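Just so it is clear, the model here is predicted, and its values are computed rather than measured. Note: hydrogens, waters and symmetry copies are ignored here, and every other heavy atom, side chains too, is used.
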Amino acid sequence: MKRKILFVLTVLFFAIMLAGTFFHQKIDSFFRPKVQIAVMESGSEYVSFWKTVDGKETEYMREESYLLLPAQAVKDNTVYVVEHVTVPYGSYDMITLRAVGTAGESDGKVKITEGLTGNERVAAVYEEAFYDGMRVVVVHSKK
């Protein structure tokens, strides 16, 4: 009788482990914070500057590129970047805190001048509950 119970418990244990292997991402998503990705816009503007050449002041123009992010995604010149990590047993999304250079805010958007590239994903809302390296689930907004 003890052998039958031990055998049933062993089979049940391995069945649960096997199910967890196949469904770990679905199960994991119930316990991870949900984040949306911010819509980033790119832009550029020409900025003038003066330079002395051969003792003569000359005005030059240069193009400066920037990204625009919603103001709620940036706090104290930091954002949460969402990275997709692949490991041997699957993959997950993780957030990392990143310092960025800002150049003001207008119309609810913050101008990002350095620290981000246009193909990175940024969490749409900066939350105090997030921490560096936290696993999250990316949810897509319905349009």
Inset, instruction - Could you name each residue pair satisfying ring pair (Phe, Tyr, Trp, His ring centres under 6.0 Å) that touches residues 50-71, not counting sequence neighbours? - result: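 Pairs touching residues 50-71 that pass the test: F49-Y60.
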Legend entry - Pairwise ring pair (Phe, Tyr, Trp, His ring centres under 6.0 Å) hits with a residue in residues 105-137, at least two apart: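 For residues 105-137: Y80-Y126, Y80-F130.
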Legend entry - Within 6.0 angstrom of K56 NZ, more than 12 heavy atoms from elsewhere: no
Legend entry - Heavy-atom neighbours of M17 CE exceed 12 at 6.0 Å: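 Count not over threshold, so no.
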Legend entry - Distance (rounded to the nearest 0.5 Å) between L6 CG and T10 OG1: 4.5 Å
Legend entry - Rounded distance (nearest 0.5 Å) linking atom CD1 of I112 with atom OG of S65: 14.0 Å
Inset, instruction - Using a strict 4.0 Å threshold on nitrogen-to-oxygen distance, state whether K111 and E64 make a salt bridge. - result: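 E64 and K111: not salt-bridged.
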Legend entry - Side chain R135, main chain R32, donor-acceptor under 3.5 Å: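 Between the backbone of R32 and the side chain of R135 there is no qualifying donor-acceptor contact (under 3.5 Å).
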Legend entry - Sidechain-backbone polar pair: T113 side chain, G101 backbone, donor-acceptor under 3.5 Å: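 Pair found, side chain donor or acceptor close to backbone of G101.
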Legend entry - Residues T78 and D76: side-chain donor-acceptor under 3.5 angstrom: no
Restricting to non-hydrogen atoms, name the atom on [X] and the atom on [Y] that form the minimum distance, rounded to 0.1 Å.
X	Y	result
P33	M134	CG-SD, 3.7 Å
V122	A73	CG1-CB, 4.4 Å
E83	R98	OE2-NH2, 4.1 Å
E120	G115	OE1-O, 4.2 Å
G118	M40	O-CE, 4.1 Å
A124	Q72	O-CG, 3.4 Å

Let me check something: do [X] and [Y] share a hydrophobic cluster, defined by ILVMFWY side-chain heavy atoms less than 4.5 Å apart, either directly or through other members?
X	Y	value
V137	I95	no
V82	L97	yes
V79	V136	no
V74	L68	no

Inset, instruction - Please step through side chain to side chain contact (heavy atoms under 4.5 Å, CB included) for the pair V100 and V110, ending with a clear verdict. - result: CA-CA 11 Å; V100 294; V110 177; over 6 Å; no
Inset, instruction - Any chance you could lay out the side chain to side chain contact (heavy atoms under 4.5 Å, CB included) test for K51 and T58, step after step, and finish with the verdict? - result: CA-CA 5 Å; K51 189 172 181 180; T58 306; 5.7 Å; no
Inset, instruction - Would you mind reporting whether L69 and L116 have side-chain heavy atoms less than 4.5 Å apart? - result: yes
